[in-house]
Amino acid sequence: FQFLSTRAISTFYQRYSQVTLEITTKNPNGVYAAFFESCRHGMTIFEGQGGYSHQKVYLCKTVVSAYEVEDVITNIRRVDPNAIVNTYRTLQFYGNYKQVPIE
């Protein structure tokens, strides 16, 4: 019973789950502005070159909570519909991470 109840709670309650987002875009300033509307985390932006197109692109990386992912992606796709967003679960994160208190 304890195992099943703990497993059920962990499945539905993901307050402390974190997700890394990698956004490939040609509009880093717009993406960052849209991102910052959704949450107050930092973002690192790298300049790169598309392997196929050989055009300048930007790779934006950030870590958000699992609850914030949908809002962040919606805002980013509103600003840049051609942005490529890759998400993956972050098991451990060390550094400054703003955890919004529950009200």
Side-chain angles (χ1 to χ4, degrees):
F1 173 77
Q2 184 176 4
F3 173 76
L4 292 176
S5 62
T6 303
R7 189 77 170 140
I9 290 170
S10 296
T11 300
F12 293 111
Y13 186 73
Q14 298 183 3
R15 170 147 172 76
Y16 298 106
S17 296
Q18 296 171 331
V19 177
T20 298
L21 299 177
E22 287 183 346
I23 303 112
T24 304
T25 182
K26 292 182 182 178
N27 180 8
N29 295 327
V31 165
Y32 181 75
F35 169 76
F36 204 67
E37 284 178 19
S38 302
C39 58
R40 300 283 191 228
H41 300 294
M43 178 182 279
T44 302
I45 301 172
F46 303 95
E47 187 176 310
Q49 178 179 331
Y52 181 76
S53 68
H54 302 291
Q55 294 180 357
K56 185 187 292 188
V57 294
Y58 297 89
L59 179 66
C60 309
K61 286 188 80 164
T62 188
V63 176
V64 298
S65 73
Y67 288 132
E68 297 169 316
V69 171
E70 188 175 331
D71 290 339
V72 168
I73 292 174
T74 299
N75 279 347
I76 288 170
R77 301 286 292 171
R78 181 178 43 82
V79 170
D80 185 359
N82 296 319
I84 298 169
V85 182
N86 183 22
T87 65
Y88 48 94
R89 188 187 323 173
T90 301
L91 297 177
Q92 294 178 333
F93 181 83
Y94 302 98
N96 266 345
Y97 182 80
K98 181 178 178 168
Q99 183 73 40
V100 180
I102 297 175
E103 295 180 14

(message) Counting neighbours of CD on Gln49 that are heavy atoms of other residues, nucleotides or ligands and sit closer than 6.0 Å, is the number greater than 12?
(response)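 Above 12, so yes.
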[X] to [Y] - nearest heavy-atom pair and separation:
{"X": "Lys26", "Y": "Lys56", "result": "CG-O, 3.9 Å"}
{"X": "Pro28", "Y": "Ile45", "result": "CB-CG2, 4.0 Å"}
{"X": "Val57", "Y": "Gly50", "result": "CG2-N, 3.9 Å"}
{"X": "Thr62", "Y": "Gly42", "result": "OG1-O, 2.6 Å"}

(request) Please work out which of the three classes, parallel, tilted or perpendicular, describes the rings of Tyr32 and Phe35, given edges at 30° and 60°. (result)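 Phe35 and Tyr32: tilted rings.
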(message) Treating Thr90 as the side-chain partner and Thr20 as the backbone partner, does any N or O pair qualify as donor plus acceptor under 3.5 Å?
(response)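 At least one qualifying donor-acceptor pair exists.
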(request) Check the hydrophobic clustering (I, L, V, M, F, W, Y; side-chain heavy atoms under 4.5 Å; chains of links allowed) and say if Val64 and Val85 are grouped together. (result)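 Yes: a chain of side-chain contacts under 4.5 Å links Val64 to Val85.
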(request) Report whether Leu59 and Val31 are members of the same hydrophobic cluster (ILVMFWY, side-chain heavy atoms less than 4.5 Å apart, transitive linking). (result)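 No, no single cluster joins them.
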Roughly how far, to the nearest 0.5 Å, is [atom2] of [Y] from [atom1] of [X]?
{"X": "Leu91", "Y": "Gln18", "atom1": "CG", "atom2": "CD", "answer": "10.0 Å"}
{"X": "Thr74", "Y": "Glu37", "atom1": "OG1", "atom2": "CD", "answer": "12.0 Å"}
{"X": "Tyr58", "Y": "Ile23", "atom1": "OH", "atom2": "CD1", "answer": "15.0 Å"}
{"X": "Ile73", "Y": "Glu68", "atom1": "CD1", "atom2": "CD", "answer": "11.5 Å"}

Side chains of [X] and [Y]: does their closest heavy-atom pair fall under 4.5 Å?
{"X": "Phe36", "Y": "Met43", "value": "no"}
{"X": "His41", "Y": "Val63", "value": "no"}
{"X": "Thr25", "Y": "Ile76", "value": "no"}

